Amino acid sequence: MLTLFSALVAVVFYCTAACRQMLSLTRRLPVRQGLVSAAGALAVVGHGIVVYTTLRAHDGLNLGISETISLVFFLIAALLLLASIKKPVMPAAVGLYPLAALSVIGAVGFPESSIEYGFTPGMLAHIATSVLAYAFLIMAAGQAVLLAVQTRALKHNHLRGIIQVLPPLTTMERLMFELIICGMVFLTASIISGFLFINDLFAQHLAHKTVLSLLAWVLFSILLWGRYQRGWRGPWAIRWTLGAVVVLILAYFGTRLIIQLLHG
């Protein structure tokens with residue numbers, strides 16, 4: 001009962017915050033950052049309870065696909081709230097909060113029993129850094145989508161509506177790369193901890209995940225090199241960011257889904 005009530009709270013307030021932010025971006029209502037943050041905070045509290053109750057298992061963790069996606073989006077929503085204290089990142093809530101709401105529905109409505117036991121501290125560090133890497137880099141993808149909308153509007157001289165509310169283009173781009181750098185720190189730690197604490201990362205059930213994770217790391221590394229050595233920006237940086245995030249998502253969720261379908 002607590003899980004269902006918490007899920008309802010999370011979904012309602014995620015949708016409320018996203019709708020209020022959308023109305024602000026489209027200039028239909030004045031900007032009220034406090035209202036969006038308050039609704040987001042209530043949603044995060046409810047979501048946190050859902051994450052705790054769905055992941056918890058006797059002497060282990062339930063790391064099913066729906067539960068893991070819910071955990072990632074819980075971290076995204078929480079990080080978005082924390083970052084919004086000093087950074088203008090809350091416009092990304094328009095897209096990320098509805099996805100967080102869907103992740104709550106998935107965890108509660110489509111639970112998966114995939115309980116794993118015997119976690120060492122090293123393995124827990126690998127899981128934690130992996131989830132944080134996903135959270136930061138998916139946030140960067142959300143920022144990239146907003147940046148694409150802003151770039152397109154400026155290119156076609158659409159200077160009303162969302163353009164009047166979003167921060168300047170250079171600020172939006174800088175935020176995207178700051179999120180990528182944070183994500184890369186955790187992705188690097190995740191890869192290193194994986195090689196240190198997991199036996200045979202290139203075993204049959206882990207090979208695709210390992211290869212795609214390494215490929216995503218290479219793509220993000222090239223993007224950061226291009227940014228700071230060649231001055232990459234604009235549509236080129238946006239497309240590269242979104243492509244690298246897709247590869248990273250496929251590294252875990254895509255391979256897990258394919259493996260489950262094959263076993264099914």
Side-chain angles (χ1 to χ4, degrees), residues 51 54-55 57 60-76 79 99 103 106-107 110 112-144 176-227 237-264:
V51 167
T54 55
L55 260 67
L61 291 174
N62 184 15
L63 295 176
I65 290 180
S66 58
E67 289 79 9
T68 305
I69 292 174
S70 176
L71 172 61
V72 169
F73 276 99
F74 164 72
L75 286 174
I76 289 172
L79 290 170
L99 291 176
S103 76
F110 305 95
E112 178 189 351
S113 180
S114 182
I115 301 174
E116 298 184 24
Y117 302 93
F119 289 106
T120 64
M123 292 174 66
L124 290 174
H126 172 70
I127 293 171
T129 52
S130 298
V131 172
L132 284 167
Y134 273 96
F136 274 110
L137 292 171
I138 290 174
M139 286 172 65
Q143 192 72 14
M176 183 182 76
F177 278 100
E178 288 175 355
L179 290 168
I180 290 172
I181 290 171
C182 291
M184 275 294 285
V185 169
F186 287 108
L187 181 59
T188 303
S190 169
I191 292 172
I192 292 173
S193 61
F195 277 104
L196 288 176
F197 301 114
I198 296 179
N199 293 327
D200 193 5
L201 275 177
F202 291 95
Q204 184 176 2
H205 66 294
L206 292 175
H208 295 87
K209 175 187 173 184
T210 304
V211 171
L212 288 173
S213 296
L214 290 171
L215 177 58
W217 186 91
V218 170
L219 292 175
F220 280 117
S221 297
I222 294 172
L223 173 60
L224 292 176
W225 174 84
R227 166 68 171 179
I238 293 168
R239 287 193 293 267
W240 200 281
T241 299
L242 293 175
V245 169
V246 168
V247 172
L248 185 63
I249 290 172
L250 289 175
Y252 179 76
F253 298 108
T255 53
R256 276 288 297 270
L257 185 60
I258 291 172
I259 289 171
Q260 289 190 3
L261 289 174
L262 289 175
H263 282 289

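The structure displayed is predicted, hence computed values, not measured ones.
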Might you point out which heavy atoms bring [X] and [Y] nearest each other, and give the distance in Å?
X      : Y      : value
Ala135 : Leu75  : CB-CB, 4.0 Å
Ala133 : Leu187 : CB-N, 3.5 Å
Leu79  : Met139 : CB-SD, 3.8 Å
Ile180 : Ala140 : CG1-CB, 3.7 Å
Phe136 : Cys182 : CD2-CB, 3.7 Å
Leu219 : Ala244 : CB-CB, 3.9 Å

(Q) Could you walk me through whether Val245 and Phe220 satisfy the side-chain contact (heavy atoms from CB on, under 4.5 Å) test, starting with their C-alpha distance in whole Å, then the side-chain angles of each, then the deciding distance to 0.1 Å, before giving a yes or no? (A) CA-CA 9 Å; Val245 169; Phe220 280 117; 3.7 Å; yes

With rounding to the nearest 0.5 Å, note down the distance linking [atom1] in [X] to [atom2] in [Y].
X      : Y      : atom1 : atom2 : answer
Met176 : Leu223 : CE    : CG    : 6.5 Å
Ile192 : His126 : CD1   : NE2   : 12.0 Å
Ile249 : Leu212 : CD1   : CG    : 12.0 Å

(Q) According to side chain to side chain contact (heavy atoms under 4.5 Å, CB included), who are the partners of Leu55, at least two apart in sequence or on a separate chain? (A) Val51, Glu67, Leu71

Q: With sequence neighbours excluded, tell me which residues meet side chain to side chain contact (heavy atoms under 4.5 Å, CB included) with Ile127.
A: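 Side chain to side chain contact (heavy atoms under 4.5 Å, CB included) check on Ile127 returns Leu63, Phe119, Val131.
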
Any donor and acceptor pair, going by atom type alone, linking the side chain of [X] with main-chain N or O of [Y] inside 3.5 Å?
X      : Y      : value
Thr129 : Ala125 : yes
Tyr134 : Leu248 : yes
Ser70  : Ser66  : no

Any side-chain heavy atom of [X] within less than 4.5 Å of one from [Y]?
X      : Y      : value
Ser190 : Phe186 : no
Thr54  : Asn62  : no
Phe177 : Arg227 : yes

Q. With a cut-off of 6.0 Å (strictly less than), are more than 12 heavy atoms of other residues, nucleotides or ligands near CH2 of Trp240?
A.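 Yes, enclosed.
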
